[in-house]
2 protein chains.
Amino acid sequence: MSLQIPMEDFVHYFLGNNLNIDKADFDKFGLKPKVKHYQKGQQLIIQGQPAPTFFFLVKGFVRYLSVSAEGKEFTQSFAYAPGISGSTRAMTKNVNSLFSIEALDDVICLEFDWPVFFEQMKSQPGFMAAYNRLLENMFIKKEEREYAFVQQSAEQRYLTFLDKNPLIRDKIPLKMIASHIGITPIALSRIRNRLK
Amino acid sequence: MSLQIPMEDFVHYFLGNNLNIDKADFDKFGLKPKVKHYQKGQQLIIQGQPAPTFFFLVKGFVRYLSVSAEGKEFTQSFAYAPGISGSTRAMTKNVNSLFSIEALDDVICLEFDWPVFFEQMKSQPGFMAAYNRLLENMFIKKEEREYAFVQQSAEQRYLTFLDKNPLIRDKIPLKMIASHIGITPIALSRIRNRLK
DNA sequence: TCAAATAATAAACCTAGGTTAATGTTGTTA
DNA sequence: TAACAACATTAACCTAGGTTTATTATTTGA
């Protein structure tokens with residue numbers, strides 16, 4: 001592991017607010033992540049291909065995007081450093097990913113092999129519990145999103161997005177925000193015009 | 001535990017296709033669930049109230065519904081025997097539930113105290129792993145739903161619902177299907193008329 | 001620093017689905 | 001089995017957001 005500071009960040013993140021895992025537990029792990037660099041526009045994982053890896057983002061931010069059969073883009077979500085990233089479905093079910101993960105920025109990340117990681121996790125109850133908490137949070141976020149799509153207007157979803165994503169709201173193209181909240185860029189433009 | 005056959009079902013379910021847990025691990029557990037009966041229309045948990053319990057449905061089926069500030073009903077999902085049920089958010093975060101769970105049928109279920117259950121799970125790695133798998137599946141389902149709301153028409157969502165829910169599709173009122181796929185009963189009626 | 005590409009906005013028009021209100025159609029229960 | 005309630009359908013109308021096509025910023029990169 002050559003990146004001293006990011007590794008500290010990583011440990012700190014896992015130990016910290018989100019996952020609350022014991023530092024000692026983590027150090028017992030013999031993890032050998034690869035340090036990877038991606039340039040803006042490059043893909044960390046590719047829709048339709050296996051993705052048995054998960055990432056810890058050390059620097060930069062990414063989006064999850066899927067392209068439908070009709071060629072329509074949908075930005076499922078965003079992730080940014082310090083934080084984790086990957087396709088839960090592709091990793092855990094060993095199937096092809098339904099989305100790509102694209103760097104929106106120059107990205108530095110640690111790449112973990114999921115099968116190895118998962119195997120080791122089984123012998124580390126603290127880590128397993130942390131993974132649990134992570135999944136719970138991910139699920140709850142999707143639940144909130146489900147609710148938003150059914151009960152809220154596009155305008156409300158836009159305002160909520162701005163509110164909940166202060167770190168990236170001014171750094172990503174509006175068309176990505178539009179496709180994230182499930183509308184076209186034209187509709188978002190109308191909303192923005194109405195709001196000002 | 002007085003219900004012999006359901007308990008067998010329960011164990012079998014947890015051991016079985018979904019969670020793949022070892023029967024011996026389960027038996028080590030000293031779980032003392034309450035056996036509960038609910039009549040059609042009664043609520044297992046109530047929106048806005050704490051819900052530190054999870055349920056194993058032995059018989060019958062339920063729906064998760066939330067009512068918005070404007071009084072609009074949304075049927076988040078359905079669950080049926082044999083299977084589990086509860087509010088992940090309310091259980092794990094110890095907050096009030098954002099939805100109610102309502103019996104659509106006469107329901108028999110086992111009620112577990114979440115804090116006790118979770119505490120015991122920590123010492124049973126096999127069970128913790130099973131809970132993980134469950135969360136992964138729950139997350140993936142929500143991901144699919146998110147995708148459906150953004151990329152599919154109401155008609156497609158209706159057809160998908162029928163296809164994926166053979167056990168309940170003919171046993172629940174259409175208005176619940178409508179509110180589950182995010183449209184009004186009127187719109188669903190139009191769709192059904194168009195389809196025949 | 002000037003093209004060329006990409007992003008954002010705007011206008012005109014269209015459509016899926018919401019809303020309201022009326023009318024059948026089931027299902028309960030007294 | 002009558003009467004009431006809940007559910008489902010239909011029609012008429014409305015609106016948010018999609019589509020198409022231009023026009024105007026911004027980036028990007030040579």
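Keep in mind that this is a model prediction, so the values were computed, not measured. Throughout, a chain's letter reflects where its sequence line sits, starting with A, and its residues are numbered from 1.
The interatomic distance linking A:Leu188 (CG) with D:dT19 (P) rounds to 15 Å, in whole Å. Per the geometry, NZ belonging to B:Lys171 stands 15 Å off P belonging to C:dG27, to the nearest Å. The CD-P distance, from A:Gln39 to D:dT28, rounds to 13 Å in whole Å. Between the CD atom of B:Gln151 and the P atom of D:dG18 there is a distance of 12 Å, rounded to whole Å. For B:Ile172 and D:dC7, the CD1 to P distance is 12 Å, given to the nearest whole Å. Protein atom CZ of B:Phe149 is 16 Å distant from nucleotide atom P of D:dG18, rounded to whole Å. If you measure from atom CD of A:Gln156 to atom P of D:dG17, you get 10 Å, rounded to the nearest angstrom. Rounded to whole Å, the distance from CD1 on A:Ile191 to P on D:dA16 is 10 Å.
No donor-acceptor pair under 3.5 Å is formed between the side chain of B:Ser85 and the backbone N or O of B:Phe55.
Base contact: B:Arg190 has a heavy atom under 4.0 Å from a base atom. B:Gly182 comes within 4.0 angstrom of sugar-phosphate atoms only, judged by non-hydrogen atoms across all strands, and of no base. Using a 4.0 Å heavy-atom cutoff across all strands shown, A:Ile186 reaches at least one base atom of the nucleic acid.
For D:dG18, one of the phosphate oxygens OP1 or OP2 lies less than 4.0 angstrom from a side-chain nitrogen or oxygen of A:Thr184. OP1 or OP2 of D:dT19 lies within a sub-4.0 Å distance of a side-chain N or O belonging to A:Lys72. Distances shown here put a side-chain N or O of A:Asn193 below 4.0 Å from the OP1 or OP2 atom of C:dA10. Phosphate contact (OP1/OP2 of D:dT9, side-chain N/O of B:Lys175, threshold under 4.0 Å): absent.
In this pair, B:His180 and B:Phe161 present their aromatic rings perpendicular. The plane angle is above 60°, beyond the 30 to 60° band. Note: B:Phe54 and B:Trp114 have perpendicular aromatic rings, judged against thresholds of 30 and 60 degrees for the angle between ring planes.
Between D:dT19, C:dG17, C:dT28, one nucleotide has an atom nearer to the side chain of B:Lys40 than all others, and that is C:dT28. In this structure, the nucleotide among C:dA7, D:dT9, D:dG18 sitting nearest to the side chain of A:Ile183 is D:dG18. Distance from the side chain of B:Leu174 is smallest for D:dT9 among the nucleotides D:dT9, C:dA11, C:dA7. Distances from the side chain of A:Pro173 to the nucleotides C:dA7, D:dA12, C:dA10 place C:dA7 closest.
Checking B:Met176 against B:Ala187, the closest nucleotide of DNA chain D that is more toward the 5' end is the one next to B:Met176.
A:Glu143 has no carboxylate O lying under 4.0 Å from a charged side-chain N of B:Arg89, or vice versa, which leaves the two without a salt bridge.
Aromatic rings of A:Phe117 and A:Phe127 (six-membered ring for Trp) have centroids within the 6.0 Å cut-off, being under it.
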